[in-house]
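Read the structure below first, then the notes.
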Amino acid sequence: MDDKGRMSRLSSLLRRRGIVLPSFEIYGGVSGLIDYGPVGARIKRRVVNSWIEHWGKVPNVVEIDSPTITPESVLVASGHVGEFNDKMSECKSCGGAFRSDHLLDGLHDNPEILDSSDLDELISTNGVKCPSCGSQDWSGASPMNLMFQTSIGAMGGSRAAYMRPETAQGMFMLYPALYRHFRQRLPFGAMQTGKGYRNEISPRQGMIRLREFNMAELEYFIDPENPPSTDLSRWQRRISMLPDPDGPHSSEIEATIEEAFETGIVKHPTVAWFLAMTMQFLVDVGVDPEKVRFRQHASTEMAHYASDCWDCELSGEHGWIEVVGIANRTCHDLESHEKYSKSGLLRGWRNFEYPVNESRETLKPVGSVIGPAFRGRAADVAEALSELTDLPEIIPFTLTLADGTTVEIEEGMVTRCLQESVVSGEYFTPHVIEPAFGIDRIIWHILDHNYLELEKEGEEYTILALEPSVAPYDLVVLPLFDKDGMGAMAREVLQRIGSISGIFAEIDTSRSIGRRYARSDEIGVPWAVTVDHQSLDDGTLTIRRRDDQRQVRVDIDTLIESLTSKSLQSLF
RNA sequence: GCGCCUGUAGUGAAGGGGUUAUCACAAGAGGUUUCCAACCUCUUGUCCCGGGUUCGAAUCCCGGCGGGCGCACCA
């Protein structure tokens with residue numbers, strides 16, 4: 001079977017069976033937007049649920065949910081407005097598009113701050129040549145905004161906003177509430193799943209580059225001086241890793257995460273732990289462990305907020321694709337939000353091992369003298385006095401205010417006093433380790449890795465060998481024939497199964513039994529329960545296992561019990 | 001955004017300036033059938049959108065939208 005055809009056969013299957021389809025198709029479709037159909041939506045829900053459960057087991061990790069509409073100011077602070085508004089210049093000769101500021105590298109100290117007309121002028125006066133064809137015929141620099149713009153408020157006076165390009169900012173916005181929730185104790189984490197939006201220039205490759213996509217992100221807040229200790233020894237699987245090409249370990253290796261951390265390839269213990277947990281998650285939802293690798297970002301390609309960054313890449317029909325980014329965002333986000341919002345709540349408190357006694361000599365302003373003497377500037381004088389670190393030996397002296405002006409401080413304006421205090425700890429800005437998952441990309445690879453084209457009695461036969469935890473249905477109930485009471489009994493069985501919480505089943509009565517097995521195999525249903533003639537006599541049913549088509553006969557109570565305890569596998 | 005290729009039932013394809021657009025599979029109804037896409041009868045359903053050329057356009061031309069690949073961009 002040729003490899004070129006496999007992807008189109010898989011895509012056909014996804015459409016035909018209502019798993020993933022193009023959106024708005026009767027109106028011609030929109031590039032970069034997809035629908036999950038009735039079967040795909042169930043798979044997606046279960047992948048997302050698996051993700052929430054996986055990380056929810058970590059102590060001190062909670063789920064939150066925040067708006068997708070985000071005020072501009074938040075994204076200015078996060079750096080997205082600057083970062084996602086690059087100006088592009090296009091070569092009129094060959095059609096190549098380049099970042100305008102990159103064209104001016106070496107010609108201007110800080111081309112990023114230039115506006116469009118300055119960029120155009122510098123490009124033309126310096127005779128910048130097109131890197132691909134050498135021509136000098138440039139279109140005007142125009143912003144390439146990768147965020148969807150909107151505004152809050154229907155009438156004039158509305159507030160600029162964007163559809164969020166990531167969910168992470170929601171967690172940062174909620175930091176004060178999280179800090180309270182966890183009773184001021186780090187580490188803790190917050191996660192959310194939901195939509196993110198990026199107005200890609202050219203979305204491609206099916207569900208790989210979307211304009212509206214499902215993300216799942218976790219922000220784990222730690223004290224950088226006391227990173228949580230982690231036990232990496234429970235993961236002994238060897239994983240393919242591509243360390244930073246500019247670093248000391250530049251070639252691809254196979255190692256356990258523990259080894260990678262001990263040899264310094266992974267620098268941060270918490271990052272190492274997240275790499276291991278990520279691998280675990282992917283394997284649990286049915287990604288082929290042989291098609292996973294972790295790639296460390298070179299220092300040059302790191303996102304604006306990250307100090308160390310690993311991609312988890314999966315191999316499939318589209319080659320190696322990044323599906324998870326694990327970044328040490330350090331204190332960047334919280335610090336930046338503190339600066340822009342002037343909020344004082346984006347911090348953690350760390351107790352010293354031993355309290356420190358501090359004594360400090362200060363010059364305390366005498367209000368009744370300072371006030372009349374300096375009038376409107378009195379407050380500035382008091383401020384400047386409190387910030388003095390080296391107290392002058394003699395009074396009078398000259399004091400420099402915040403605005404750079406000076407005043408003479410004379411005898412009687414201040415009193416010298418000694419402040420004694422016990423300092424038991426200090427404030428700090430927590431660091432953040434962030435795993436960010438692209439759910440749609442993961443779903444694609446789950447489908448890809450589990451799409452098996454087999455041969456059965458000389459015929460092509462397709463199985464979607466999904467992990468039961470992410471299968472669209474847990475099982476399908478099939479009467480051998482829909483008559484003689486078999487159909488009725490199948491419906492009773494379905495009803496009993498339906499009352500088990502967390503179990504989803506459907507019934508299929510049309511056409512031959514073999515065809516119905518094939519249909520359920522094709523959408524990945526792991527179990528089929530068949531009601532046959534013997535069922536009518538003695539109440540037993542057969543359970544068929546998708547992956548080897550073996551069947552066992554059990555009575556209905558055993559079936560219900562096994563389903564409840566999720567131990568169907570043990571019947572075989 | 002540029003270049004090349006491309007768009008016909010749910011899926012995959014054939015055809016093509018002139019009656020009612022073809023085939024397979026899938027799907028629905030009925031029959032048959034004692035467990036793996038069997039068989040029989042019947043049925044449903046298609047030329048991406050807009051404009052142009054023409055007596056006549058699904059077919060030719062132009063534009064748009066969508067898809068694939070490459071470049072660029074992006075993670």
Side-chain angles (χ1 to χ4, degrees), chain A residues 4-5 7-18 21-33 37 83-84 86 88-99 102 130-133 139 142 144 146 165-166 196 198-206 208-211 213 215 295 297 301-303 306 309 311-313 318 320-325 327 436-438 441 456-463 478-484 486 510-522 528-537 541-542 544 546 548-551 553:
Chain A
K4 177 79 180 162
M7 174 149 60
S8 53
R9 286 191 298 275
L10 173 53
S11 301
S12 299
L13 166 67
L14 298 183
R15 289 182 180 214
R16 193 159 33 85
R17 304 307 306 268
L21 311 93
S23 296
F24 309 111
E25 210 180 7
I26 64 168
Y27 286 100
V30 178
S31 177
L33 300 178
E83 193 77 5
F84 278 19
D86 300 325
M88 302 289 290
S89 295
E90 200 180 312
C91 171
K92 287 182 187 167
S93 164
C94 73
F98 304 90
R99 274 181 56 169
H102 286 183
C130 171
S132 62
C133 76
S139 73
S142 57
M144 175 195 65
L146 287 180
E166 61 174 18
R198 288 180 199 176
N199 206 351
E200 296 282 354
I201 298 170
S202 75
R204 284 276 174 83
Q205 298 176 300
I208 301 300
R209 273 174 71 187
L210 297 172
R211 290 189 161 127
F213 47 94
M215 338 179 62
R295 194 172 65 82
H297 277 206
E301 67 169 317
M302 241 151 3
C309 201
D311 285 347
C312 175
E313 299 179 328
H318 295 294
W320 286 100
I321 297 290
E322 180 207 345
V323 302
V324 185
F437 288 66
R441 290 178 174 191
K456 187 169 161 183
E457 288 157 28
E459 301 272 309
E460 279 178 26
Y461 197 82
T462 303
I463 294 182
L478 309 172
L480 191 56
F481 303 106
D482 191 9
K483 60 176 190 181
D484 303 335
M486 282 180 272
S510 71
R511 305 276 210 143
S512 78
I513 189 75
R515 180 173 297 215
R516 283 176 279 156
Y517 286 142
R519 281 199 284 235
S520 71
D521 288 345
E522 207 180 30
V529 168
T530 308
V531 175
D532 60 10
H533 293 89
Q534 191 179 333
S535 309
L536 298 174
D537 295 339
L541 309 155
T542 64
R544 172 188 181 271
R546 173 196 66 202
D548 60 4
Q549 298 160 30
R550 274 187 59 206
Q551 280 177 293
R553 184 171 286 277

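Numbered from 1 within each chain, the chains take letters A, B, ... in sequence-line order.
Residue contacts shown for A:Thr542 include a base, since a base heavy atom lies under 4.0 Å away. When heavy atoms are screened at a 4.0 angstrom cut-off, A:Glu200 is found touching the sugar-phosphate backbone but no base atom. As judged by a 4.0 angstrom heavy-atom cut-off over every strand, A:Arg544 is placed among the base-contacting residues. In this structure, A:Gln551 reaches the bases: a heavy-atom distance under 4.0 Å links it to at least one base atom across the strands shown. Within the 4.0 angstrom heavy-atom criterion, no nucleotide atom of any strand lies near A:Arg441. A:Gly438 comes within 4.0 angstrom of no nucleic acid atom, judged by non-hydrogen atoms across all strands. Contacts of A:Arg17 with the nucleic acid, taken as non-hydrogen atoms under 4.0 Å apart, are absent. Contacts of A:Ser12 with the nucleic acid, taken as non-hydrogen atoms under 4.0 Å apart, involve only primed sugar atoms and P, OP1 or OP2.
Taking atom P on both B:C5 and B:C73, the two are 24 Å apart, rounded to the nearest angstrom. B:G12 and B:U8: their C1' atoms are spaced 12 Å apart (whole Å). A distance of about 14 Å separates the C1' atoms of B:A9 and B:A14, rounded to the whole Å. Comparing the P positions of B:U53 and B:U59 gives a spacing of 15 Å, expressed to the nearest Å. Rounded to whole Å, the C1' atom of B:G7 lies 7 Å from the corresponding atom of B:C48. Nucleotides B:G66 and B:C49 place their P atoms 15 Å apart, quoted to the nearest Å. When the P atom is used for both B:A58 and B:C47, the distance is 10 Å, rounded to whole Å.
Using a 4.0 Å cut-off between charged side-chain N and carboxylate O, A:Arg15 and A:Glu25 make a salt bridge. In summary, A:Asp521 and A:Arg546 do not engage in a salt bridge, as defined by a charged side-chain N under 4.0 Å from a carboxylate O.
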Between A:Val30 and A:Ser23, is the side chain to side chain contact (heavy atoms under 4.5 Å, CB included) condition met? List the steps.
CA-CA 6 Å; A:Val30 178; A:Ser23 296; 5.7 Å; no
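Side-chain proximity of A:Ala518 to the nucleotides B:G1, B:U33, B:A37 is greatest for B:A37. The nucleotide whose nearest atom lies closest to any side-chain atom of A:Phe481 is, among B:C36, B:U33, B:A72, B:U33. Closest to the A:His533 side chain, of the nucleotides B:U34, B:A37, B:C69, is B:U34. Distances from the side chain of A:Arg16 to the nucleotides B:G10, B:C35, B:C69 place B:G10 closest.
A donor N or O paired with an acceptor N or O is not found under 3.5 Å between the base of B:C74 and the side-chain atoms of A:Arg198.
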Taking only Watson-Crick and G-U wobble pairs with both distances under 3.5 Å, what dot-bracket line describes RNA chain B, where [ ] shows pairs that cross earlier ones and | shows pairs with another strand?
(((((((..((((....[...)))).(((((.......)))))....(((((..]....))))))))))))....
For every nucleotide of nucleotides 38-49 of chain B, 5' to 3': is a protein heavy atom under 4.0 Å from its base (B), only from its sugar-phosphate (S), or from neither (-)?
S-----------
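When the side-chain nitrogen and oxygen atoms of A:Ser31 are compared with OP1 and OP2 of B:G67, one or more of them lie within a distance under 4.0 Å.
In this structure, A:Phe24 places its CZ atom 18 Å from C1' of B:G64, rounding to the nearest Å.
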